[in-house]
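These figures come from a predicted structure and were not determined experimentally.
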Amino acid sequence: MFFGYNIKYLFHKVVFRTFKGANCSIGKDCDIRRSRILVSCGANLHIGNNVVIHNAEIYVEKGSLILEDFCIIGDPYTQTKIIINDGDVALLHHCKLSCNRVWVRFGGMLTVGSYTNVNRGGEIRCDDNIAIGDYNQISYNVKIWDTNTHNMLIKEKRREVAERYFPYFGYEESRPDTSPVVIGNDCWIGESSAILKGSSIGNNVIVGFRTTIAGKTIDDSNIVVQDLKIKQIESKRE
């Protein structure tokens with residue numbers, strides 16, 4: 001358990017800061033490099049055995065982050081941020097997470113299953129509940145959101161909020177519209193796809209390149225692709 005201190009170069013080029021009242025534990029044989037970890041008073045961080053964290057920023061302000069045994073966070077080529085303003089995140093054993101950002105607010109709950117890979121360039125936004133199953137391959141630049149991310153305020157209220165919180169444009173005082181997202185097991189989510197609020201994807205589903213799923217239920221063992229229409233126009237050039 002750690003509290004109230006700041007260590008530089010713990011493991012390798014790591015800043016690990018916790019506040020008194022934080023509850024933190026680190027297992028055996030972990031490899032943490034070029035990372036910054038901050039755990040606020042009352043928040044919880046559990047890092048299991050044989051966990052690898054490279055080139056990551058982890059902030060647990062209110063709630064908990066659980067990294068089970070053999071999890072991998074980040075990679076040498078891009079930075080991964082996990083920001084928990086208020087909520088709970090559990091990454092199950094042998095999960096690999098190297099997307100650009102995970103952001104949890106308003107008491108959201110995020111679970112990522114065992115042997116699931118979330119690749120670079122993507123983002124997970126959780127204000128409600130996102131459950132991702134086991135053995136999933138989630139490709140580059142995939143967005144998974146259970147939230148509108150912003151409230152649709154009347155212009156007078158938006159101006160009031162902008163002025164009050166300047167320069168933090170887009171600050172949200174209350175939770176936007178949300179609806180849970182579920183992704184089953186053994187799915188392939190193609191590059192640059194978006195899985196948006198209210199979506200439920202079954203087991204063994206393939207989601208094609210740049211496909212957006214919003215508020216839809218996809219049954220087991222289906223392939224989903226975006227409807228692309230190509231118009232061919234005869235050229236008048238000689």
Any heavy-atom pair between the side chains of Asp75 and Arg120 that's under 4.5 Å? yes

Partner set under side chain to side chain donor-acceptor pair (under 3.5 Å) for Tyr140, not counting sequence neighbours: none

Inter-residue atom distance Ser35.OG - Gln79.CD, 0.5 Å rounding: 8.0 Å

Any non-hydrogen side-chain atom of Asn117 less than 4.5 Å from a side-chain atom of Asn136? no

Please lay out, stage by stage, how Ile124 and Ile130 fare under the test side chain to side chain contact (heavy atoms under 4.5 Å, CB included). CA-CA 9 Å; Ile124 299 175; Ile130 296 177; 3.8 Å; yes

Qualifying salt bridge (charged side-chain N to carboxylate O under 4.0 Å, His left out) pairs with a residue from residues 101-110, counting only residues at least two apart or across chains: Arg101-Glu123, Arg105-Asp127

Taking atom NZ of Lys143 as the centre, does the number of heavy atoms from other residues, nucleotides or ligands within less than 6.0 Å exceed 12? yes

Can you name the ring-ring contact (aromatic ring centres under 6.0 Å, His included) partners of Tyr135, sequence neighbours left out? Tyr115

Just jot down the side chain to side chain donor-acceptor pair (under 3.5 Å) partners of Glu191, sequence neighbours excluded, or say none. none

What residues, two or more places apart in sequence or in another chain, satisfy salt bridge (charged side-chain N to carboxylate O under 4.0 Å, His left out) together with Glu57? none

Less than 4.5 Å apart, side chain to side chain, heavy atoms only: is that true for Thr212 and Gln226? yes

Would the number of heavy atoms belonging to other residues, nucleotides or ligands and lying under 6.0 Å from CZ of Arg34 be above 12? yes

Below 4.0 angstrom, N of the basic side chain to O of the carboxylate: do Lys157 and Glu163 qualify? no

Using only heavy-atom distances, determine whether the side chains of Asp128 and Thr178 contain a donor-acceptor pair under 3.5 Å. yes

Test item: Ile213 and Ile218 side chains (from C-beta on) under 4.5 Å apart, heavy atoms: yes

Looking at Glu172, Arg175, Lys197, Arg125, which hits side-chain hydrogen bond (donor to acceptor under 3.5 Å, both in side chains) with Asn148? Lys197

Under 3.5 Å, is there a donor-acceptor pair linking the side chains of Ser114 and His94? no

Do the side chains of Ile201 and Ile195 get nearer than 4.5 Å, heavy atoms only? yes

Within the structure provided, determine whether Leu38 and Val60 are in side-chain contact (heavy-atom separation under 4.5 Å). no

The side chain to side chain donor-acceptor pair (under 3.5 Å) partners of Thr149 (sequence neighbours excluded) come to none

Side-chain touch Ile26/Phe16, heavy atoms, less than 4.5 angstrom: yes

To check you understand the geometry: which heavy-atom pair defines the closest contact between Gly202 and Cys187, and what is its length? O-SG, 3.0 Å

Would you say Asp146 and Pro180 make side-chain contact, with heavy atoms under 4.5 Å? no

Whether the Asp88 and Ser64 side chains hold a donor-acceptor pair (N or O, under 3.5 Å, no angle test) is what I'd like checked. yes

